[in-house]
Amino acid sequence: MCSTGFVRSLGFALLPLAVCCIVANVLLFFPGGTTQYLQEGKLSRLVWFMMGIGGGGALMFLRFSPLCMFLPAGVFISLGKCTGCCWNESVVMCGSVTAALVGLAGSGYCFVISAMAMLEGPQCDTGLGWSYPFANEGGRYLFEQETWSNCSYPVSIVEWNVTLLSILLGLSGLEFIICFLQVINGLVTAVCRPCCYKQDYTLNA
């Protein structure tokens, strides 16, 4: 039974996750749906690391070769149905492993930066000026919602950041799992299929 169908399903699963990562990261640039704080340069510093746009999003679509394949979602999806040649499939699966490793790096980057941003908390106006009031708490503020009102502006910035960063953490975690599954699947296929091919050839001979 061919494993390329499984790989294609992983690729199709990556597409919506990557799109949602990009959307969530873009929304972080517009607290409360306004462009005011972006224009004033008062966004949290880690937002500029583009973890969802770059790591969780673009690296899943990045053009890989002149053959119009994309990493790693496009590579997974572009794998055609088996043509009966196990050797060809093994070579293709090796390429998909490379794509999956890029996906692991991208999703891992997105997860780590999102976690750092969550622990640091947002930049906001506390009434005494703009600062990071939760930066030295190690994320304790997440369990003390009564302290969120310390941020006067942007309005509801803590809720905004926590919600979007939680989405990024969840999505990048799923992307990491999908790419990890393909690494395992690709390695097993690349190693085992040639052996099966040799065995079948010997029996047919």
Side-chain angles (χ1 to χ4, degrees), residues 10 12-63 70-74 100-181:
L10 293 182
F12 282 116
L14 279 178
L15 289 177
L17 296 179
V19 171
C20 289
C21 276
I22 293 173
V23 172
N25 198 160
V26 168
L27 289 175
L28 285 171
F29 285 95
F30 306 101
T34 177
T35 63
Q36 174 186 348
Y37 304 102
L38 174 63
Q39 294 171 346
E40 295 177 354
K42 293 179 178 177
L43 298 176
S44 300
R45 64 183 184 88
L46 289 175
V47 171
W48 296 100
F49 280 62
M50 308 288 187
M51 57 281 197
I53 296 174
L59 277 183
M60 302 297 161
F61 296 104
L62 185 64
R63 188 171 293 278
F70 298 81
L71 285 178
L101 291 175
V102 173
L104 285 176
S107 58
Y109 173 79
C110 182
F111 188 91
V112 169
I113 300 299
S114 297
M116 290 173 60
M118 183 83 82
L119 291 175
E120 182 179 64
Q123 178 182 202
C124 64
D125 184 357
T126 62
L128 300 175
W130 287 81
S131 64
Y132 292 87
F134 311 114
N136 299 317
E137 297 184 1
R140 191 174 67 251
Y141 77 96
L142 295 170
F143 307 99
E144 300 174 351
Q145 296 187 17
E146 65 275 6
T147 64
W148 294 7
S149 60
N150 292 340
C151 284
S152 302
Y153 297 99
V155 177
S156 301
I157 183 59
V158 180
E159 292 89 335
W160 184 268
N161 270 28
V162 168
T163 299
L164 293 174
L165 290 172
S166 296
I167 291 173
L168 284 173
L169 285 170
L171 294 175
S172 60
L174 288 174
E175 289 178 341
F176 190 92
I177 292 172
I178 290 173
C179 291
F180 181 75
L181 287 175

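What you are looking at is a predicted structure, and each value in this text was computed from that prediction instead of being measured.
Here the shortest heavy-atom pairing between Leu28 and Pro31 reads O-CD, 3.9 Å. When every heavy atom of Glu175 is checked against every heavy atom of Cys21, the shortest pair comes out as OE2-SG, 3.8 Å. Contact detail for Leu46 and Glu120: the closest heavy-atom pair is CD1-OE1, 3.8 Å. Here the closest heavy-atom approach between residue Gly106 and residue Leu59 is recorded as CA-CD1, 3.5 Å. In terms of heavy-atom proximity, Ile22 sits nearest to Gly57 at CG1-CA, 3.7 Å. Listed here is the closest heavy atom pair of Phe29 and Asn25: CD1-O, 3.3 Å.
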Do any side-chain atoms of residues 129-138 form donor-acceptor pairs under 3.5 angstrom with protein atoms, and if so which ones, sequence neighbours left out?
from, atom 1, to, atom 2, distance (Å)
Tyr132, OH, Arg45, N, 2.9
Glu137, OE1, Tyr141, N, 3.4

Side chains of residues 160-167: which donor-acceptor pairs under 3.5 Å do they make with residues two or more places apart or in other chains?
from, atom 1, to, atom 2, distance (Å)
Trp160, NE1, Leu27, O, 3.0
Thr163, OG1, Glu159, O, 2.8
Ser166, OG, Val162, O, 2.6

Exercise answer: donor-acceptor pairs, residues 47-54 side-chain atoms, under 3.5 Å, sequence neighbours excluded:
none

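Note on residues 31-41: pairs passing salt bridge (Lys or Arg N to Asp or Glu O under 4.0 Å), not counting sequence neighbours, are Glu40-Lys42. The salt bridge (Lys or Arg N to Asp or Glu O under 4.0 Å) pairs that include a residue from residues 13-32 number zero, where partners must be two or more places apart or lie in different chains. Residue pairs satisfying the side-chain hydrogen bond (donor to acceptor under 3.5 Å, both in side chains) criterion with at least one member in residues 106-119, sequence neighbours excluded, are absent. Among residues at least two apart or in separate chains, salt bridge (Lys or Arg N to Asp or Glu O under 4.0 Å) pairs with a member in residues 144-156 are Arg140-Glu144. The list of salt bridge (Lys or Arg N to Asp or Glu O under 4.0 Å) pairs with a residue in residues 48-58, not counting sequence neighbours, is empty. Screening residues 113-171 for disulfide (SG to SG under 2.5 Å) gives Cys124-Cys151 as the qualifying pairs, with residues at least two apart or on separate chains.
Annotation: side-chain hydrogen bond (donor to acceptor under 3.5 Å, both in side chains) contacts of Ser149 (sequence neighbours excluded): none.
A heavy-atom distance below 4.5 Å is not found between the side chains of Ile157 and Ser44.
Taking CG of Leu14 as the reference point, atom CG of Leu174 lies at 10.0 Å (rounded to 0.5 Å). A distance of 15.5 Å separates CZ in Phe176 from CG in Leu171, rounded to the nearest 0.5 Å.
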